[in-house]
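What follows is a short report on a single structure.
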Amino acid sequence: MFKPVIAIFLTIILSFSTVACGSSNSVNTNNPATFTNNTNVPKNNIASGKYPVQQATFNDVDGEYILMLLNTPSGSNPTFRTTNLQMARLTDEEIKNGQQTFVEINGNEGIMHLTEDFRIEYVHNETETVTNSNTGKQETVVVRQQSSFWSPFAGALAGQALGSMLFRPQYYVPPTFQSGGNLTGFGGYGNTYDQAVQSYRTNNNSIPQVEKNRQSFRTTGTIKNSSGNSINRVNTNSTKGTGSGVGTSNLKTNGTSSKVKQPSSNSFGSNKSSRTRPTTSRRSSGFGSRRRR
Amino acid sequence: MSITDRFNQFVGKTRYVVSRIFIHLQGNEVAPLLGILNQNARMAVDTDGDMEVMGECLVNTCEGILQYKTYWQSASNEGDVFWNEADAGDFVTELFTDSGQRYLSQPDFEEEEVAENTPLSLPVTDNIIVMIIVAFEGELSELETDLADMEALTDALKALINLNYKQNYRAIAIHFSPARLGERLTSDQIIINFPELIPL
(Lines give C-alpha, C1' and ligand atoms only; values in the text may rest on other atoms or scores of the structure.)
Protein backbone atom coordinates (compact mmCIF):
# COMPACT_ATOMS: atom_id res chain seq x y z
CA MET A 1 0.00 0.00 0.00
CA PHE A 2 2.74 2.47 0.95
CA LYS A 3 5.04 1.52 -1.86
CA PRO A 4 3.16 3.41 -4.61
CA VAL A 5 2.75 6.44 -2.34
CA ILE A 6 6.47 6.54 -1.63
CA ALA A 7 7.15 6.07 -5.32
CA ILE A 8 4.96 9.05 -6.16
CA PHE A 9 6.60 11.21 -3.54
CA LEU A 10 10.03 10.32 -4.80
CA THR A 11 8.93 11.11 -8.35
CA ILE A 12 7.57 14.47 -7.31
CA ILE A 13 10.65 15.35 -5.26
CA LEU A 14 12.96 14.23 -8.03
CA SER A 15 11.07 16.19 -10.67
CA PHE A 16 11.21 19.30 -8.51
CA SER A 17 14.93 18.94 -7.90
CA THR A 18 15.48 18.49 -11.64
CA VAL A 19 13.60 21.67 -12.26
CA ALA A 20 15.68 23.46 -9.68
CA CYS A 21 18.87 22.38 -11.38
CA GLY A 22 17.69 22.85 -14.91
CA SER A 23 16.09 25.76 -16.62
CA SER A 24 12.79 27.01 -15.30
CA ASN A 25 10.85 26.63 -18.50
CA SER A 26 10.85 22.86 -18.27
CA VAL A 27 8.11 23.03 -15.66
CA ASN A 28 5.34 23.13 -18.22
CA THR A 29 6.46 20.06 -20.04
CA ASN A 30 6.79 18.08 -16.85
CA ASN A 31 3.30 18.78 -15.65
CA PRO A 32 0.68 18.60 -18.38
CA ALA A 33 -2.20 18.42 -15.94
CA THR A 34 -3.90 21.64 -15.03
CA PHE A 35 -5.37 21.88 -11.61
CA THR A 36 -8.11 24.36 -12.13
CA ASN A 37 -10.09 25.59 -9.21
CA ASN A 38 -13.62 24.42 -8.94
CA THR A 39 -15.61 27.54 -9.72
CA ASN A 40 -18.54 26.26 -7.74
CA VAL A 41 -16.88 27.00 -4.43
CA PRO A 42 -17.17 30.69 -3.67
CA LYS A 43 -14.00 32.39 -2.50
CA ASN A 44 -14.06 33.78 0.98
CA ASN A 45 -11.18 35.30 2.80
CA ILE A 46 -12.56 35.21 6.28
CA ALA A 47 -10.69 33.42 9.01
CA SER A 48 -12.54 30.60 10.70
CA GLY A 49 -14.34 31.61 13.85
CA LYS A 50 -17.58 32.96 15.21
CA TYR A 51 -19.10 36.14 13.79
CA PRO A 52 -22.40 37.89 14.47
CA VAL A 53 -24.66 38.02 11.41
CA GLN A 54 -26.09 41.32 10.27
CA GLN A 55 -28.07 40.08 7.33
CA ALA A 56 -28.51 36.86 5.40
CA THR A 57 -29.66 36.27 1.83
CA PHE A 58 -30.58 33.06 0.12
CA ASN A 59 -30.75 32.85 -3.65
CA ASP A 60 -32.68 29.93 -5.05
CA VAL A 61 -31.10 30.02 -8.47
CA ASP A 62 -27.96 28.38 -7.17
CA GLY A 63 -28.71 27.75 -3.52
CA GLU A 64 -26.14 30.22 -2.30
CA TYR A 65 -26.29 31.94 1.05
CA ILE A 66 -24.72 35.37 1.38
CA LEU A 67 -24.09 36.46 4.95
CA MET A 68 -23.14 39.98 5.99
CA LEU A 69 -20.94 39.65 9.02
CA LEU A 70 -19.99 41.97 11.84
CA ASN A 71 -16.70 42.15 13.74
CA THR A 72 -14.69 40.72 10.88
CA PRO A 73 -10.96 41.30 11.11
CA SER A 74 -9.83 44.43 9.33
CA GLY A 75 -8.85 43.88 5.73
CA SER A 76 -11.16 40.97 5.12
CA ASN A 77 -14.38 41.12 3.18
CA PRO A 78 -17.41 41.10 5.52
CA THR A 79 -19.55 39.05 3.12
CA PHE A 80 -19.44 35.30 3.38
CA ARG A 81 -20.78 33.24 0.49
CA THR A 82 -21.48 29.58 0.83
CA THR A 83 -23.67 26.83 -0.50
CA ASN A 84 -22.87 24.66 2.49
CA LEU A 85 -24.65 26.16 5.46
CA GLN A 86 -26.15 24.30 8.37
CA MET A 87 -28.62 25.99 10.63
CA ALA A 88 -29.70 25.60 14.21
CA ARG A 89 -32.00 27.51 16.49
CA LEU A 90 -30.59 29.28 19.51
CA THR A 91 -31.87 27.86 22.76
CA ASP A 92 -34.11 30.02 24.89
CA GLU A 93 -31.38 30.32 27.50
CA GLU A 94 -28.90 31.63 24.99
CA ILE A 95 -31.44 34.17 23.79
CA LYS A 96 -32.13 35.21 27.37
CA ASN A 97 -28.42 35.82 27.79
CA GLY A 98 -28.59 38.24 24.90
CA GLN A 99 -27.05 35.99 22.28
CA GLN A 100 -27.74 37.25 18.78
CA THR A 101 -27.72 35.34 15.50
CA PHE A 102 -24.19 34.25 14.76
CA VAL A 103 -22.34 32.00 12.37
CA GLU A 104 -19.46 29.62 12.96
CA ILE A 105 -17.27 29.67 9.91
CA ASN A 106 -14.98 26.84 9.03
CA GLY A 107 -13.36 27.39 5.67
CA ASN A 108 -16.16 27.59 3.13
CA GLU A 109 -18.68 25.92 5.38
CA GLY A 110 -20.73 27.52 8.05
CA ILE A 111 -23.10 26.76 10.86
CA MET A 112 -25.58 29.53 11.52
CA HIS A 113 -27.28 29.76 14.87
CA LEU A 114 -30.47 31.76 14.49
CA THR A 115 -32.87 33.43 16.82
CA GLU A 116 -36.44 32.37 16.33
CA ASP A 117 -37.47 35.56 14.54
CA PHE A 118 -34.39 35.98 12.36
CA ARG A 119 -35.41 36.56 8.78
CA ILE A 120 -33.34 35.42 5.87
CA GLU A 121 -33.92 37.39 2.71
CA TYR A 122 -35.15 34.95 0.10
CA VAL A 123 -34.50 35.83 -3.53
CA HIS A 124 -36.85 33.83 -5.67
CA ASN A 125 -36.08 33.49 -9.34
CA GLU A 126 -39.01 32.86 -11.53
CA THR A 127 -37.65 30.54 -14.15
CA GLU A 128 -39.00 29.34 -17.39
CA THR A 129 -37.79 26.39 -19.36
CA VAL A 130 -37.18 27.34 -22.92
CA THR A 131 -36.58 24.65 -25.47
CA ASN A 132 -33.78 25.44 -27.80
CA SER A 133 -35.29 24.58 -31.16
CA ASN A 134 -31.98 23.58 -32.66
CA THR A 135 -30.75 21.13 -30.09
CA GLY A 136 -33.93 20.16 -28.30
CA LYS A 137 -32.25 21.05 -25.04
CA GLN A 138 -34.33 22.71 -22.39
CA GLU A 139 -32.64 25.66 -20.85
CA THR A 140 -33.64 27.37 -17.65
CA VAL A 141 -34.00 31.09 -18.05
CA VAL A 142 -34.61 33.52 -15.20
CA VAL A 143 -37.60 35.63 -16.07
CA ARG A 144 -37.79 37.83 -13.01
CA GLN A 145 -36.70 37.97 -9.44
CA GLN A 146 -38.87 38.39 -6.41
CA SER A 147 -37.70 38.90 -2.93
CA SER A 148 -39.32 37.74 0.24
CA PHE A 149 -38.31 36.72 3.74
CA TRP A 150 -37.79 33.30 5.14
CA SER A 151 -37.75 32.55 8.86
CA PRO A 152 -36.84 28.89 9.25
CA PHE A 153 -37.61 28.62 12.95
CA ALA A 154 -40.50 31.01 13.37
CA GLY A 155 -43.96 30.07 14.47
CA ALA A 156 -45.52 27.01 15.91
CA LEU A 157 -42.88 24.54 14.80
CA ALA A 158 -40.45 25.40 17.56
CA GLY A 159 -42.62 24.08 20.34
CA GLN A 160 -43.60 20.89 18.62
CA ALA A 161 -42.16 17.43 18.69
CA LEU A 162 -39.34 18.50 16.46
CA GLY A 163 -38.39 21.09 19.06
CA SER A 164 -35.30 19.52 20.50
CA MET A 165 -33.93 18.71 17.06
CA LEU A 166 -33.95 22.32 16.04
CA PHE A 167 -31.07 23.13 18.36
CA ARG A 168 -28.77 20.73 16.56
CA PRO A 169 -27.14 22.03 13.37
CA GLN A 170 -28.79 20.51 10.33
CA TYR A 171 -29.31 21.30 6.69
CA TYR A 172 -32.59 22.97 5.81
CA VAL A 173 -34.34 23.51 2.51
CA PRO A 174 -36.75 26.45 2.26
CA PRO A 175 -40.45 25.74 1.84
CA THR A 176 -42.20 26.12 -1.49
CA PHE A 177 -42.22 29.75 -2.56
CA GLN A 178 -45.49 31.64 -2.45
CA SER A 179 -45.51 35.16 -3.76
CA GLY A 180 -46.66 37.75 -1.29
CA GLY A 181 -46.21 36.86 2.32
CA ASN A 182 -43.24 35.57 4.18
CA LEU A 183 -42.10 32.01 4.39
CA THR A 184 -41.96 30.31 7.73
CA GLY A 185 -40.76 26.88 8.59
CA PHE A 186 -38.88 24.69 6.20
CA GLY A 187 -39.55 22.34 3.34
CA GLY A 188 -37.07 19.71 4.36
CA TYR A 189 -34.24 19.01 6.77
CA GLY A 190 -31.56 16.43 7.30
CA ASN A 191 -28.07 15.67 8.47
CA THR A 192 -26.79 16.04 4.95
CA TYR A 193 -27.99 18.28 2.19
CA ASP A 194 -29.16 15.26 0.20
CA GLN A 195 -31.26 14.12 3.11
CA ALA A 196 -32.84 17.54 3.31
CA VAL A 197 -33.73 17.36 -0.38
CA GLN A 198 -35.08 13.87 0.13
CA SER A 199 -37.30 15.01 2.99
CA TYR A 200 -38.55 17.90 0.86
CA ARG A 201 -39.42 15.38 -1.82
CA THR A 202 -41.48 13.23 0.53
CA ASN A 203 -43.38 16.28 1.72
CA ASN A 204 -44.00 17.94 -1.61
CA ASN A 205 -43.64 15.19 -4.17
CA SER A 206 -41.22 17.28 -6.17
CA ILE A 207 -37.69 18.55 -5.79
CA PRO A 208 -36.80 21.98 -4.40
CA GLN A 209 -36.56 24.93 -6.75
CA VAL A 210 -32.80 25.06 -6.32
CA GLU A 211 -32.39 21.50 -7.52
CA LYS A 212 -34.79 22.08 -10.39
CA ASN A 213 -32.71 25.00 -11.55
CA ARG A 214 -29.55 22.89 -11.50
CA GLN A 215 -30.92 20.21 -13.74
CA SER A 216 -31.17 20.28 -17.50
CA PHE A 217 -33.52 18.10 -19.49
CA ARG A 218 -33.19 17.25 -23.11
CA THR A 219 -35.24 15.23 -25.57
CA THR A 220 -34.89 14.29 -29.20
CA GLY A 221 -37.18 12.65 -31.66
CA THR A 222 -40.91 12.59 -31.55
CA ILE A 223 -41.32 11.47 -27.95
CA LYS A 224 -42.38 14.89 -26.79
CA ASN A 225 -45.09 15.65 -29.23
CA SER A 226 -46.40 12.21 -30.00
CA SER A 227 -49.87 11.51 -28.88
CA GLY A 228 -49.07 7.84 -28.65
CA ASN A 229 -52.17 6.54 -30.30
CA SER A 230 -51.70 7.58 -33.89
CA ILE A 231 -49.97 5.35 -36.34
CA ASN A 232 -47.74 6.89 -38.95
CA ARG A 233 -45.76 5.29 -41.65
CA VAL A 234 -42.31 6.52 -42.08
CA ASN A 235 -40.65 6.97 -45.37
CA THR A 236 -38.36 3.97 -45.43
CA ASN A 237 -36.01 5.21 -48.12
CA SER A 238 -33.77 6.80 -45.59
CA THR A 239 -30.32 5.90 -44.36
CA LYS A 240 -31.44 6.32 -40.81
CA GLY A 241 -34.18 4.77 -38.79
CA THR A 242 -36.39 6.73 -36.49
CA GLY A 243 -35.64 7.12 -32.83
CA SER A 244 -36.20 8.99 -29.63
CA GLY A 245 -34.11 10.00 -26.68
CA VAL A 246 -34.46 11.61 -23.29
CA GLY A 247 -31.75 12.76 -20.96
CA THR A 248 -31.25 14.61 -17.73
CA SER A 249 -28.06 16.01 -16.34
CA ASN A 250 -27.19 18.06 -13.31
CA LEU A 251 -23.54 18.33 -14.16
CA LYS A 252 -22.12 21.74 -14.77
CA THR A 253 -20.89 22.48 -18.25
CA ASN A 254 -18.16 24.79 -19.37
CA GLY A 255 -19.99 27.99 -20.11
CA THR A 256 -17.78 29.09 -22.96
CA SER A 257 -16.57 26.98 -25.81
CA SER A 258 -14.33 24.32 -24.42
CA LYS A 259 -10.75 25.22 -23.81
CA VAL A 260 -7.96 23.05 -25.07
CA LYS A 261 -7.64 20.28 -22.54
CA GLN A 262 -5.39 17.76 -24.18
CA PRO A 263 -2.74 18.39 -26.76
CA SER A 264 -4.52 16.16 -29.26
CA SER A 265 -7.99 17.56 -28.74
CA ASN A 266 -7.41 20.54 -30.98
CA SER A 267 -7.30 18.45 -34.11
CA PHE A 268 -9.81 19.31 -36.79
CA GLY A 269 -10.84 18.34 -40.28
CA SER A 270 -13.07 15.85 -42.01
CA ASN A 271 -11.52 12.94 -40.15
CA LYS A 272 -12.84 14.17 -36.87
CA SER A 273 -16.10 12.35 -37.31
CA SER A 274 -17.58 10.44 -34.46
CA ARG A 275 -15.96 7.29 -35.76
CA THR A 276 -12.43 8.48 -35.37
CA ARG A 277 -13.00 10.79 -32.45
CA PRO A 278 -9.96 10.29 -30.32
CA THR A 279 -11.69 10.57 -26.98
CA THR A 280 -11.20 6.96 -26.02
CA SER A 281 -7.67 6.52 -27.08
CA ARG A 282 -6.03 9.83 -26.38
CA ARG A 283 -6.27 9.47 -22.63
CA SER A 284 -4.74 6.73 -20.62
CA SER A 285 -7.83 6.63 -18.44
CA GLY A 286 -10.25 6.02 -21.28
CA PHE A 287 -11.93 2.69 -21.64
CA GLY A 288 -14.22 0.85 -23.98
CA SER A 289 -14.40 -1.83 -26.59
CA ARG A 290 -13.09 0.35 -29.36
CA ARG A 291 -9.77 0.63 -27.59
CA ARG A 292 -8.51 -2.77 -28.56
CA ARG A 293 -8.36 -1.93 -32.21
CA MET B 1 -3.44 4.49 -13.70
CA SER B 2 -1.30 7.45 -14.55
CA ILE B 3 0.50 9.63 -12.05
CA THR B 4 -1.95 12.47 -12.62
CA ASP B 5 -4.87 10.20 -11.74
CA ARG B 6 -3.12 8.91 -8.68
CA PHE B 7 -2.33 12.42 -7.57
CA ASN B 8 -5.92 13.55 -8.04
CA GLN B 9 -7.12 10.59 -6.06
CA PHE B 10 -4.54 11.32 -3.41
CA VAL B 11 -5.68 14.91 -2.89
CA GLY B 12 -9.29 13.79 -2.75
CA LYS B 13 -10.68 15.16 -5.99
CA THR B 14 -14.00 13.81 -7.20
CA ARG B 15 -13.74 11.30 -10.00
CA TYR B 16 -16.43 11.58 -12.67
CA VAL B 17 -17.12 8.70 -15.01
CA VAL B 18 -19.07 9.23 -18.21
CA SER B 19 -20.04 6.13 -20.14
CA ARG B 20 -22.07 5.22 -23.16
CA ILE B 21 -23.28 1.74 -24.04
CA PHE B 22 -24.82 0.61 -27.33
CA ILE B 23 -26.86 -2.56 -27.38
CA HIS B 24 -28.25 -3.99 -30.57
CA LEU B 25 -31.06 -6.53 -30.29
CA GLN B 26 -32.15 -8.60 -33.25
CA GLY B 27 -35.00 -11.01 -33.71
CA ASN B 28 -38.62 -11.30 -34.68
CA GLU B 29 -39.81 -10.92 -31.12
CA VAL B 30 -37.85 -7.86 -30.00
CA ALA B 31 -40.50 -5.29 -30.91
CA PRO B 32 -42.32 -5.38 -27.53
CA LEU B 33 -39.23 -3.84 -25.97
CA LEU B 34 -40.21 -0.65 -27.77
CA GLY B 35 -43.22 -0.49 -25.50
CA ILE B 36 -41.06 -0.51 -22.37
CA LEU B 37 -38.73 2.07 -23.83
CA ASN B 38 -41.51 4.43 -24.87
CA GLN B 39 -43.35 4.10 -21.62
CA ASN B 40 -40.24 5.05 -19.67
CA ALA B 41 -39.32 7.89 -21.97
CA ARG B 42 -42.79 9.36 -21.63
CA MET B 43 -42.59 9.01 -17.86
CA ALA B 44 -39.40 11.06 -17.95
CA VAL B 45 -40.99 13.70 -20.17
CA ASP B 46 -44.00 13.97 -17.86
CA THR B 47 -41.82 14.78 -14.88
CA ASP B 48 -39.53 17.09 -16.85
CA GLY B 49 -36.61 14.79 -16.30
CA ASP B 50 -36.62 14.51 -12.54
CA MET B 51 -33.41 12.63 -11.77
CA GLU B 52 -35.13 10.16 -9.46
CA VAL B 53 -37.69 9.29 -12.14
CA MET B 54 -34.95 9.03 -14.74
CA GLY B 55 -33.18 6.59 -12.43
CA GLU B 56 -36.31 4.45 -12.35
CA CYS B 57 -36.52 4.65 -16.14
CA LEU B 58 -32.92 3.50 -16.41
CA VAL B 59 -33.64 0.56 -14.11
CA ASN B 60 -36.73 -0.43 -16.11
CA THR B 61 -34.81 -0.14 -19.36
CA CYS B 62 -31.89 -2.22 -18.14
CA GLU B 63 -34.21 -4.87 -16.76
CA GLY B 64 -36.09 -4.92 -20.05
CA ILE B 65 -32.89 -5.40 -21.99
CA LEU B 66 -31.78 -8.17 -19.65
CA GLN B 67 -35.06 -9.96 -20.30
CA TYR B 68 -34.30 -9.97 -23.99
CA LYS B 69 -30.83 -11.37 -23.49
CA THR B 70 -31.29 -14.09 -26.08
CA TYR B 71 -31.72 -11.46 -28.77
CA TRP B 72 -28.57 -9.51 -28.09
CA GLN B 73 -26.71 -9.27 -31.35
CA SER B 74 -23.90 -6.79 -30.93
CA ALA B 75 -22.74 -4.14 -28.54
CA SER B 76 -20.19 -1.43 -28.01
CA ASN B 77 -19.24 1.01 -25.32
CA GLU B 78 -17.05 4.00 -24.71
CA GLY B 79 -16.35 6.30 -21.84
CA ASP B 80 -13.96 8.56 -20.11
CA VAL B 81 -12.91 9.63 -16.65
CA PHE B 82 -12.74 13.24 -15.63
CA TRP B 83 -11.50 15.11 -12.60
CA ASN B 84 -13.38 18.26 -13.52
CA GLU B 85 -17.17 18.39 -13.36
CA ALA B 86 -17.57 20.81 -16.25
CA ASP B 87 -15.50 18.61 -18.58
CA ALA B 88 -17.70 15.64 -17.70
CA GLY B 89 -20.81 17.74 -18.35
CA ASP B 90 -19.49 18.75 -21.75
CA PHE B 91 -18.76 15.15 -22.63
CA VAL B 92 -22.29 14.11 -21.68
CA THR B 93 -23.70 16.83 -23.92
CA GLU B 94 -21.41 15.72 -26.71
CA LEU B 95 -22.46 12.09 -26.38
CA PHE B 96 -26.13 13.03 -26.29
CA THR B 97 -25.82 15.01 -29.49
CA ASP B 98 -23.81 12.25 -31.13
CA SER B 99 -26.40 9.64 -30.15
CA GLY B 100 -29.20 11.88 -31.37
CA GLN B 101 -27.76 12.22 -34.85
CA ARG B 102 -27.67 8.48 -35.41
CA TYR B 103 -31.37 8.33 -36.07
CA LEU B 104 -34.02 10.49 -37.69
CA SER B 105 -35.39 12.72 -35.01
CA GLN B 106 -37.77 14.43 -37.37
CA PRO B 107 -38.96 11.80 -39.79
CA ASP B 108 -41.23 12.76 -42.63
CA PHE B 109 -44.33 10.70 -42.35
CA GLU B 110 -45.90 9.23 -45.40
CA GLU B 111 -49.54 9.86 -45.81
CA GLU B 112 -51.11 6.55 -46.43
CA GLU B 113 -54.71 6.16 -47.33
CA VAL B 114 -56.13 3.17 -45.57
CA ALA B 115 -59.46 2.06 -46.84
CA GLU B 116 -62.12 1.46 -44.27
CA ASN B 117 -62.68 -2.02 -42.93
CA THR B 118 -59.25 -3.23 -43.92
CA PRO B 119 -57.36 -4.99 -41.18
CA LEU B 120 -54.63 -2.91 -39.63
CA SER B 121 -51.19 -4.19 -40.35
CA LEU B 122 -47.93 -2.83 -39.11
CA PRO B 123 -44.42 -3.66 -40.16
CA VAL B 124 -42.55 -5.17 -37.22
CA THR B 125 -38.96 -4.25 -36.71
CA ASP B 126 -36.28 -6.91 -36.45
CA ASN B 127 -33.71 -4.62 -34.91
CA ILE B 128 -33.64 -2.33 -31.92
CA ILE B 129 -30.72 -0.29 -30.75
CA VAL B 130 -30.62 1.14 -27.26
CA MET B 131 -28.05 3.73 -26.25
CA ILE B 132 -27.53 4.42 -22.58
CA ILE B 133 -25.43 7.35 -21.37
CA VAL B 134 -24.70 7.75 -17.69
CA ALA B 135 -22.46 9.95 -15.58
CA PHE B 136 -21.71 9.31 -11.95
CA GLU B 137 -19.13 9.98 -9.30
CA GLY B 138 -16.67 7.38 -8.16
CA GLU B 139 -15.55 4.19 -9.78
CA LEU B 140 -17.38 1.21 -11.23
CA SER B 141 -15.12 -1.48 -12.63
CA GLU B 142 -18.01 -3.32 -14.32
CA LEU B 143 -18.61 -0.34 -16.59
CA GLU B 144 -15.05 0.81 -17.13
CA THR B 145 -14.07 -2.07 -19.30
CA ASP B 146 -14.70 -3.62 -22.69
CA LEU B 147 -18.39 -4.49 -22.81
CA ALA B 148 -18.48 -6.20 -26.20
CA ASP B 149 -18.89 -9.49 -24.45
CA MET B 150 -22.00 -11.30 -23.25
CA GLU B 151 -20.87 -11.72 -19.65
CA ALA B 152 -19.39 -8.27 -19.27
CA LEU B 153 -22.49 -6.61 -20.71
CA THR B 154 -24.79 -8.53 -18.37
CA ASP B 155 -22.69 -7.49 -15.41
CA ALA B 156 -22.61 -3.90 -16.58
CA LEU B 157 -26.39 -3.69 -16.88
CA LYS B 158 -26.80 -5.19 -13.43
CA ALA B 159 -24.25 -2.76 -12.07
CA LEU B 160 -26.20 0.14 -13.61
CA ILE B 161 -29.34 -1.02 -11.82
CA ASN B 162 -27.53 -1.43 -8.52
CA LEU B 163 -25.86 1.94 -8.78
CA ASN B 164 -29.24 3.64 -9.00
CA TYR B 165 -30.10 2.39 -5.54
CA LYS B 166 -26.71 3.12 -4.06
CA GLN B 167 -26.26 6.72 -5.07
CA ASN B 168 -27.65 9.29 -7.41
CA TYR B 169 -26.56 9.51 -10.97
CA ARG B 170 -25.34 12.87 -12.17
CA ALA B 171 -26.65 12.37 -15.70
CA ILE B 172 -28.77 9.78 -17.43
CA ALA B 173 -29.81 9.64 -21.07
CA ILE B 174 -31.55 6.88 -22.95
CA HIS B 175 -31.90 6.78 -26.74
CA PHE B 176 -33.50 4.14 -28.82
CA SER B 177 -34.12 3.45 -32.45
CA PRO B 178 -36.65 2.88 -33.99
CA ALA B 179 -39.01 5.21 -32.20
CA ARG B 180 -42.28 3.29 -32.14
CA LEU B 181 -44.02 0.13 -33.04
CA GLY B 182 -44.67 0.18 -36.74
CA GLU B 183 -41.37 1.82 -37.57
CA ARG B 184 -38.42 -0.18 -38.70
CA LEU B 185 -34.70 -0.20 -38.41
CA THR B 186 -32.99 -2.21 -41.09
CA SER B 187 -29.64 -3.93 -40.91
CA ASP B 188 -28.27 -1.59 -43.56
CA GLN B 189 -29.18 1.43 -41.52
CA ILE B 190 -27.35 -0.09 -38.57
CA ILE B 191 -24.22 -0.69 -40.58
CA ILE B 192 -24.25 2.89 -41.79
CA ASN B 193 -25.03 4.61 -38.51
CA PHE B 194 -23.55 2.34 -35.89
CA PRO B 195 -20.23 1.21 -37.34
CA GLU B 196 -18.65 0.62 -33.97
CA LEU B 197 -20.92 -2.26 -32.98
CA ILE B 198 -19.07 -5.50 -32.31
CA PRO B 199 -20.90 -8.84 -32.61
CA LEU B 200 -21.31 -10.60 -29.31
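Below, chains carry the letters A, B, ... as their sequence lines are ordered, and counting in each starts from 1.
For the set B/Ile21, B/Leu147, B/Thr145, the count of heavy-atom pairs under 4.5 angstrom toward chain A peaks at B/Thr145. Counting heavy-atom pairs closer than 4.5 Å to chain A, the top residue among B/Ser19, B/Ala75, B/Gly89 is B/Gly89. Most heavy-atom pairs under 4.5 Å with chain A, from the set B/Gly100, B/Ala152, B/Ala41: that is B/Ala41. Counting heavy-atom pairs under 4.5 Å between each of B/Ile190, B/Val92, B/Asn193 and chain A puts B/Asn193 at the top. Per-residue heavy-atom pair counts under 4.5 Å with chain B were compared for A/Gly241, A/Gly247, A/Ser206, and the maximum is reached by A/Gly241. The greatest number of non-hydrogen atom pairs below 4.5 Å with chain A, out of B/Gly49, B/Ala173, B/Ala171, is found for B/Gly49.
Between B/Tyr16 and B/Phe82, a ring centre-to-centre spacing not shorter than 6.0 Å is recorded.
Using cut-offs of 30° and 60° for the angle between ring planes, the B/Tyr169 and B/Phe136 rings count as perpendicular. By the 30° and 60° cut-offs, the orientation of the rings of B/Tyr71 relative to B/Tyr68 is tilted. Using bins of under 30°, 30° to 60° and over 60° for the plane-to-plane angle, the ring pair B/Tyr103/B/His175 lands in the tilted bin. Using the six-membered ring where Trp is involved, A/Tyr171 and A/Tyr193 have ring planes that are perpendicular, over 60° apart on the 30 and 60° scheme.
When heavy atoms are compared at a cutoff of 4.5 Å, B/Met54 approaches chain A solely by way of its side chain, counted from C-beta outward. For B/Val18, the part lying near chain A is the backbone, with the side chain staying farther off; criterion is any non-hydrogen pair under 4.5 Å. Contact annotation for B/Thr97: both backbone and side-chain heavy atoms come within less than 4.5 Å of a heavy atom of chain A. Contact of B/Asn127 with chain A is not made at all, since no heavy-atom distance falls under 4.5 Å. Neither the backbone nor the side chain of B/Ile133 comes within contact range of chain A, judged by heavy atoms closer than 4.5 Å. Contacts of B/Ala44 with chain A are made by both backbone and side-chain atoms, with heavy-atom separations under 4.5 Å. There is no contact between B/Asp188 and chain A, counting heavy-atom distances below 4.5 Å. If you measure heavy-atom distances from B/Val11 to chain A, you find no contacts under 4.5 Å at all.
By the 4.0 Å N-to-carboxylate-O rule, A/Arg201 lies close enough to B/Asp50 to be salt-bridged with it. Taking 4.0 Å as the cut-off between side-chain N and carboxylate O, B/Asp46 and B/Arg42 do not count as a salt-bridged pair. Between B/Arg15 and B/Glu144 there is a salt bridge, with a side-chain nitrogen of the basic residue lying less than 4.0 Å from a carboxylate oxygen of the acidic one.
For the atom pair CD of A/Gln86 and OH of A/Tyr189, the computed distance is 15.0 Å after rounding to the nearest 0.5 Å.
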